Amino acid sequence: MIPDVRHFLDISSLSTEELRAILDEAHARKAARLDWPKAKRDEDAPLDGYALAMIFQKNSTRTRVSFEIGMHQLGGTSIVLNANDTQLGRGETVEDTARVLSRMVDAVMIRANSHQDVVDFSAASDVPVINGLTDLSHPCQIIADIVTIEERMGDIAGKTIAWLGDGNNVCTSFVHAAEKLDFKLRIATPAAYAARGQEIAAAKAASADVEVGTDARAAIAGADVVVTDTWVSMGDTDKDARMAAFPPFSVNEQMMQLASKDALFLHCLPAHRGEEVTDAVMDGPQSGVWDEAENRIHAQKAVLLWCLGKL
Ligand code: CP
Ligand code: NVA
């Protein structure tokens, strides 16, 4: 990795102070432009003159639009690349692509199948690289989730977050955040789809308050926040086995009644209504999913500013 370049690959690599600075910046930038037209630039336009390239190996709605509009609000510009349309799709290496893009843009966001590709790209890049989701993690999402939790219920410290369903990439980034901030994380998954043991061990070694188990009802009991995600992530090939294993982890109204009275429901989206969450919960009064989606913009802006040395 090039020294002194601030890559945003995982929340586990940030200090608590850096994570807090990113969260505070996201809150502040959101508050400073309430009800503004979406493409109006922030007063200070701190990334005037900066360019971001985004490379997508997988589909995206929120990540693409939030980075693109966020970069515009900060005064910069962005370029979206479908990996298959680039020379990456014909075998140019991630390292050579990184060297070239480092000469052309000021930061790169990558959504990749393999986390290792993002690590390798960052090692060869002279400009900051942002993980826009990999098979391992989705750190940008968790910044937005924590912003959403904090705007509803104040500092996340002391809150209990219940994760129900797949121990997947989004779950891993929640585990990473639990190493840095003082919240309790209770994860319930089918045994075959548990959160990554290495990440759980690292979190526990860092004194994070993380519990893992297979009992959804035990995990959700009294929780302040209930989070789930799709049972079949992009790249998963065992759909039938997953659809058989996950139904006891579906977040429905009966399940939500076990959480604390005003518990917040979150989902990174896209949701599979009737599978991991019912319509009644997604569209109900406890759902924060649309704020959560909007907060991707504010989160992305704060991440970009941190990467580019503006925080
Ligand atoms: N939550 C999320 O990352 O959404 P997209 O896949 O639409 O970017
Ligand atoms: N876990 C999901 C998240 C999508 C934003 C996936 O990786 O497909």
Side-chain angles (χ1 to χ4, degrees), residues 8-11 26 52-71 78 80-83 108-118 130-149 163-177 187-190 192-196 199 225-239 241-243 245-246 249-251 265-273 275-277 282 287-304:
F8 183 82
L9 301 190
D10 270 315
I11 291 173
L52 170 74
M54 290 184 258
I55 302 173
F56 288 95
Q57 288 184 339
K58 305 188 191 197
N59 297 53
S60 171
T61 299
R62 281 143 288 266
T63 303
R64 176 188 167 164
V65 177
S66 59
F67 267 105
E68 193 158 358
I69 205 77
M71 194 65 189
S78 52
V80 177
L81 301 165
N82 178 335
V108 180
M109 188 233 79
I110 312 179
R111 170 165 286 195
N113 294 313
S114 158
H115 191 80
Q116 189 60 46
D117 278 350
V118 180
I130 298 169
N131 171 3
L133 181 148
T134 66
D135 56 337
L136 176 74
S137 56
H138 195 4
C140 292
Q141 181 66 51
I142 294 322
I143 301 293
D145 286 16
I146 297 171
V147 168
T148 311
I149 292 165
W163 175 277
L164 268 57
D166 190 10
N168 66 10
N169 45 4
V170 181
C171 178
T172 294
S173 288
F174 252 121
V175 173
H176 290 161
I187 300 170
T189 68
Y193 299 103
R196 288 167 56 95
E199 314 298 322
V225 183
V226 178
V227 196
T228 192
D229 187 13
T230 181
W231 295 339
V232 186
S233 283
M234 293 181 278
D236 287 337
T237 52
D238 53 345
K239 181 172 182 192
R242 287 171 170 272
M243 296 309 284
F246 282 110
F249 298 84
S250 180
V251 181
F265 172 75
L266 295 181
H267 188 311
C268 66
L269 307 179
H272 298 75
R273 291 167 175 260
E275 294 178 12
E276 74 271 9
V277 60
M282 269 281 284
S287 175
V289 299
W290 312 122
D291 289 340
E292 181 185 11
E294 178 196 325
N295 286 337
R296 290 294 302 277
I297 300 175
H298 312 297
Q300 259 59 124
K301 289 167 70 178
V303 167
L304 285 161

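A quick note: this is a predicted structure, and the numbers were derived from the prediction, not measured. In listed order, ligands and their atoms are each counted from 1. Because only heavy atoms are used, hydrogens play no part in the values below, and waters and symmetry mates are left out as well, while side chains stay in.
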Participant: With a heavy-atom distance limit of 4.0 Å, tell me whether Asp166 approaches ligand 2 through its side chain, its backbone, both, or neither.
Facilitator: neither

Participant: Among protein heavy atoms, which sits nearest to atom 8 (O) of ligand 2, and what does the distance come to when rounded to 0.1 Å?
Facilitator: Met234 N, 2.8 Å

Participant: Mind checking whether Arg64 has an N or O less than 3.5 Å away from an N or O of ligand 1?
Facilitator: no

Participant: Distance from Leu133 atom CG to Arg111 atom CZ, nearest 0.5 Å?
Facilitator: 4.5 Å

Participant: What are the atoms of ligand 2, with element, lying closer than 4.0 Å to any heavy atom of Leu269?
Facilitator: 5 (C)

Participant: Given Arg62, Lys58, Arg111, which has its nearest heavy atom closest to atom 6 (O) of ligand 1?
Facilitator: Arg111

Participant: Does a donor on one side chain and an acceptor on the other come within less than 3.5 Å for Thr230 and His272?
Facilitator: yes

Participant: Within this structure, what is the CH2-NE2 distance for the pair Trp290 and His267, rounded to the nearest 0.5 Å?
Facilitator: 9.5 Å

Participant: About how many Å separate OG1 of Thr63 and NZ of Lys58, when rounded to the nearest 0.5 Å?
Facilitator: 11.5 Å

Participant: Testing Gln300, Glu68, Met71 for side chain to side chain contact (heavy atoms under 4.5 Å, CB included) with Leu52, which one passes?
Facilitator: Met71

Participant: For Trp231 and Phe246, take the angle between the two ring planes, folded into 0 to 90°, and tell me which bin it lands in: parallel under 30, tilted 30 to 60, perpendicular over 60.
Facilitator: parallel

Participant: Looking at Ala271 and Glu276, what are the two nearest heavy atoms and their distance?
Facilitator: CA-OE2, 3.4 Å

Participant: If I apply the N/O under 3.5 Å rule, does Cys268 come out as touching ligand 2?
Facilitator: no

Participant: Against heavy atoms of Leu133, which atoms of ligand 2 measure under 4.0 Å?
Facilitator: 3 (C), 4 (C), 5 (C), 7 (O)

Participant: Could you tell me if any non-hydrogen atom of Thr63 lies under 4.0 Å from any atom of ligand 2?
Facilitator: no

Participant: Considering the heavy atoms of Cys268, write down every atom of ligand 1 situated less than 4.0 Å from one of them.
Facilitator: 1 (N)

Participant: Give the residue, atom name and distance (to 0.1 Å) of the protein heavy atom nearest atom 3 (C) of ligand 2.
Facilitator: Asp229 OD2, 3.6 Å

Participant: Would you mind telling me if ligand 1 is within reach of the side chain of Leu269, the backbone, both or neither, using heavy atoms under 4.0 Å?
Facilitator: backbone

Participant: For ligand 1, is there an atom lying under 4.0 Å from some heavy atom of His138?
Facilitator: yes

Participant: Considering non-hydrogen atoms of the protein only, which is the closest contact for atom 2 (C) of ligand 1, and what is the distance?
Facilitator: Arg296 NH1, 3.2 Å

Participant: Can you see whether Glu199 engages Thr172 through a side-chain donor-acceptor pair at a distance of less than 3.5 angstrom?
Facilitator: no

Participant: Taking 4.0 Å as the limit for heavy-atom contacts, which would you say applies to Asn169 with ligand 2: side chain only, backbone only, both, or neither?
Facilitator: side chain

Participant: For ligand 2, is there an N or O atom under 3.5 Å from any N or O atom of Ser233?
Facilitator: yes

Participant: Would you tell me whether Tyr193 and Asp236 have side-chain atoms, one donor and one acceptor, within less than 3.5 Å of each other?
Facilitator: no

Participant: First locate atom CG of Asp117, then atom CD1 of Ile110, and finally report the distance between them rounded to the nearest 0.5 Å.
Facilitator: 8.0 Å

Participant: Test your reading of the structure: does Thr230 have an N or O sitting under 3.5 Å from an N or O of ligand 2?
Facilitator: no

